[in-house]
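Sequence lines set the chain letters: A, B, ... in the order given, protein chains first and strands last, and positions in each chain run from 1.
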Number of protein chains: 2
Amino acid sequence: MNSTAEIPATTRQSERLGELIEERIVTGVYPPGTRLDEQELADTFGVSRTPVREALIQLSSVGLIEIRPRRGATVPEVGADRVCEMFEVMAELEAMCGRLAARRITPDEQIALQKAHRACEAARDANTPDVYYQLNEVFHQRIYEASHNGFLVEQATALHRRLRPYRRLQLRVRNRMATSFNEHQAIVDAIIKGDSDLASAQLRAHVTVQGERFADLVATLRDFKAGT
Amino acid sequence: MNSTAEIPATTRQSERLGELIEERIVTGVYPPGTRLDEQELADTFGVSRTPVREALIQLSSVGLIEIRPRRGATVPEVGADRVCEMFEVMAELEAMCGRLAARRITPDEQIALQKAHRACEAARDANTPDVYYQLNEVFHQRIYEASHNGFLVEQATALHRRLRPYRRLQLRVRNRMATSFNEHQAIVDAIIKGDSDLASAQLRAHVTVQGERFADLVATLRDFKAGT
DNA sequence: AATCACCGTTGTGTATACAAGATATCAAAA
DNA sequence: TTTTGATATCTTGTATACACAACGGTGATT
């Protein structure tokens, strides 16, 4: 598909380390509030402190961890309100992707988009939330690409990645797959039709509900906690 | 103004180094295509290679430089189309700020915004483009803050910073200050009025013209080059 | 004469050593 | 008993040393 596939075959350990640590953060192995000791990480991964430091600095500048001078790195307690803010921005980025995609999508990309969409449908019918979750990412990625704005694709992808753990929480919400798929359908229709305003609005709403669902979930958890 | 002013008084040399190098990149001291030799930078700033490397990695993950494994860091040739893409995204981010600001701005922030606006007016009347340029940044920052979305503020500020050198090119375009100020006026009116759609549209247009102006400038330069 | 291979140099990637600040512990005094 | 102060330890920040890959040049071979 993408003939400009770049396989840099990075020799930098710090890059690989960054991914490993990021993985452990988003999967909850290093929950919020965790102190990331450099020596400890170095021992864990069998390398020296140097690549670990480089990885931490990179993660820090992406916003995944916080580094306070002379006090080390910690996984930040991402406040629920913060996450909501991020969903708010995500909604707008996706809306922008949709708006541009409706105007710029090529025939090939239309096919790819519908293919991804039908794959989601299959996952819905099979009632396999995990698969649907995966395919959903592909679906959105297709829309990003159809915007024909490389910088936007990067930004949207990055934020999407960062929000992944919070989106994951909603996997098994009642009727989530069916609702999501119907929203996707409307989005695809709008894009194919070339209705940029509609596509934009649909996508914004689609993502915004996720943010609201997250807020609901947090509120529920808080009440639950308070109840005990 | 902001009582939560955080002055971390960073002890990390790499952080300061990052800013210094960034400064030199955006001001053209290290023009696109420059090879950034680690030892050379270390000597220049009187430190060892370690902090230099950390600074470079940070700049790399922000996208300001490119690091290819075993081949060192270079200042990328940011294609004109790439910059246009970034302006396109910037326009959308600013539009979002305006939309939210129109709904959420507080009385205090209204005052601050109008104050920044009047400062711009003074610079326009004094016909001092450099001052106007500075105050223009403050003006936009006020709008960001009025969106009451901290994450959005960060994203918008970061991209604004990154686009600064390209915006600077347009400083002395004919009537730029007067036009810009009039656009600002419309934006302020829309925000104060609470008309989020209008504020959003005005801001999007305001930034979009900057991107188009940049494109025009590039086209002109290309023609000029071809002519010689 | 042109091309390819080998070797030397240069510079990145990693490890270790050292310096300085921050935290923790323990003791002493209020 | 609590609080404060001093010291010890631990961790980060920086420098230096070493290993290895990439680039360039020179020489030999076709």
Go through it in stages, so that I can follow the logic: the residues are H140(B) and E94(B), the test is side-chain hydrogen bond (donor to acceptor under 3.5 Å, both in side chains), and I'd like the CA-CA distance, side-chain angles, deciding distance and then a yes or no. CA-CA 8 Å; H140(B) 282 269; E94(B) 298 241 10; 2.8 Å; yes

Can you tell me how far P of dG21(C) sits from CZ of R12(B), to the nearest Å? 16 Å

Return no unless some side-chain N or O of R53(A) is found under 4.0 Å from OP1 or OP2 of dT12(D). no

Choosing from dA15(C), dT14(D), dG13(C), which nucleotide comes nearest the side chain of V47(A)? dA15(C)

If each of T50(A) and R71(A) is mapped to the nucleotide of DNA chain D with the nearest heavy atom, which maps nearer the 5' terminus, i.e. the 5' end? R71(A)

Look at all strands and tell whether L36(A) reaches a base, only sugar-phosphate, or nothing, counting heavy atoms closer than 4.0 Å. sugar-phosphate

Compare the minimum distances between each of dG13(D), dT16(D), dG13(C) and the side chain of S48(B), then state the nucleotide with the smallest one. dT16(D)

Check whether any side-chain heavy atom of M86(A) lies under 4.5 Å from a side-chain heavy atom of L152(B), and answer yes or no. no

Say you draw a straight line from OG of S180(A) to NE2 of H206(A); how long is it, rounded to the nearest 0.5 Å? 4.5 Å

Rounded to whole Å, please give me the gap between CD1 in I67(A) and P in dT11(D). 16 Å

OP1 or OP2 of dT14(C) less than 4.0 angstrom from a side-chain nitrogen or oxygen of Q13(A), does that happen here? yes

Test for a donor-acceptor pair under 3.5 Å between the base of dG13(D) and the side chain of R49(A), counting only N and O atoms. yes

Quick one about H160(B) and Q141(B) (side-chain donor to acceptor, distance below 3.5 Å, no hydrogens or angles considered), yes or no? no

Calculate the interatomic distance between E38(A) atom CD and dA15(C) atom P; express it in whole Å. 14 Å

Within the structure, does a side-chain N or O atom of R35(B) lie under 4.0 Å from either OP1 or OP2 of dT12(C)? yes

Heavy-atom side-chain proximity of E19(B) to E23(B) below 4.5 angstrom: no

Round to the nearest Å and state the distance from F45(B) atom CZ to dG13(D) atom P. 20 Å

What's the CZ-C1' distance between R68(A) and dA22(C), to the nearest Å? 11 Å

Rounded to whole Å, the CD-P distance (E54(B) to dT12(D)) equals 12 Å

May I have the distance from R70(B) (atom CZ) to dC23(D) (atom P), rounded to whole angstrom? 11 Å

Taking atom C1' of dG13(C) as reference, at what distance in whole Å does atom CG of D37(B) sit? 14 Å

